[in-house]
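When a residue number appears, it is its place in the shown sequence, counting from 1.
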Amino acid sequence: MRRSGDFLLATALLVFTAAVATLIWTGHTGLRYSADSDDTLPMWMLGLTVFGGLAAAWLVPPKHREDEPPQGDSRTARQAWWLFALALAFTIGFALSPGGNGWFLGLKLPLLLAVPLIFRLASWHEWYRVDTEGRWLRPLPAVLTFLALFTLFGHDYTGSRPDVIAVVGVFVLNAMLEEIFYRVWLQTRLEAGVGRWPAILVTALVFASWHAVIHGGNGFGVDLAAAFVHIGGYGVFLGYLWSRYRNPWLLFLVHGIINLPLPMLAAMF
């Protein structure tokens, strides 16, 4: 497993490096804030946000040392790669679809939720039965550092007042469902088989890949590179936050604010 972990780590780092080089080479160093906005975020601001959060997490160790990635068995490995295949199927299916919310949810709910549960590749209680005692204060410096930088470098919200039902729907179907599938289910199993950092980086890349469809407009290669750097960068922070502290609620919080920044939430009141 160590050799496969080293190979995956080297490959993932090469992909991230190639993505950054592609954006610099083509002059696309401004990354779209979201699929709903054409405003862009300079790549250096993204890097500062991600590495600031990672540094804060690295400086504050977890209280529970047993949170080191466990050793997996053959069943865990099979589950990991089946979940990885479902993640790829979601990306490919969404890229080939006509697009729109109907296709998005029609692919996401079966592939990222129903199939893993029906075929027992994962279980629902893996996230809500996590013992979070002693796992709130120590992650806070990382969470607050990331969110402070994310908000500082963010843009003003000038749209209409967000609908409460839509906000709740985005939080549950995007922030919660995606973190449960990609981090709690997929990354945890990959960690057991190939180690922490290979699992974090591979999960971040496959998580980022489908975002190229909705953050696009500059051609497939540039769009994919931008998704790997932008969303993949956020995925690396979320992955390390999960691996280090094992608190799913903080994943939901950070992902939720990435999707629904504080200025947008403030516009509700």
Linking I/L/V/M/F/W/Y whenever any side-chain heavy atoms sit under 4.5 Å apart, do [X] and [Y] land together?
| X | Y | value |
| --- | --- | --- |
| Leu201 | Leu14 | no |
| Leu13 | Trp58 | yes |
| Leu144 | Phe51 | no |
| Val222 | Ile24 | yes |
| Leu105 | Ile165 | no |

Exercise for the section: Go through Glu191 and Ser243 one step at a time and tell me if the side chain to side chain donor-acceptor pair (under 3.5 Å) criterion holds. Expected result: CA-CA 8 Å; Glu191 283 184 40; Ser243 181; 3.3 Å; yes
What are the two closest heavy atoms between [X] and [Y], and how far apart are they?
| X | Y | value |
| --- | --- | --- |
| Arg135 | Arg246 | NH1-CB, 3.2 Å |
| Arg183 | Trp242 | O-NE1, 3.3 Å |
| Ser4 | Val194 | OG-CG1, 3.9 Å |
| Leu186 | Leu83 | CD1-CB, 3.9 Å |

Problem - Any donor-acceptor pair under 3.5 Å from Tyr157 side chain to Ser160 backbone - result: yes
Handout entry: Side-chain donor or acceptor of Asp223 paired with backbone N/O of Gly217 under 3.5 Å
Key = yes
To the nearest 0.5 angstrom, please state how far the [atom1] atom of [X] sits from the [atom2] atom of [Y].
| X | Y | atom1 | atom2 | result |
| --- | --- | --- | --- | --- |
| Thr40 | His230 | OG1 | NE2 | 10.5 Å |
| Asn247 | Thr132 | CG | OG1 | 5.5 Å |
| Leu265 | Leu260 | CG | CG | 5.5 Å |

Problem - Given Leu190, Asp6, Leu8, the one that forms side-chain contact (heavy atoms from CB on, under 4.5 Å) with Pro198 - result: Leu8
Handout entry: Neighbour count above 12 (heavy atom, 6.0 Å) for Trp136 CH2
Key = yes
Practice task
Just say parallel, tilted or perpendicular for the rings of Phe90 and Phe104, cut-offs at 30° and 60°.
Solution key: tilted
Practice task
Classify the angle between the aromatic ring planes of Phe146 and Phe150 as parallel (below 30°), tilted (30 to 60°) or perpendicular (above 60°).
Solution key: parallel
Exercise for the section: May I ask you to test the Phe207-Ile231 pair for a side-chain heavy-atom distance under 4.5 Å? Expected result: yes
Handout entry: Minimum side-chain heavy-atom gap Met176-Trp127 below 4.5 Å
Key = yes
Handout entry: Ring-face cation contact, Phe84 with Arg189, 6.0 Å cut, 45° max
Key = no
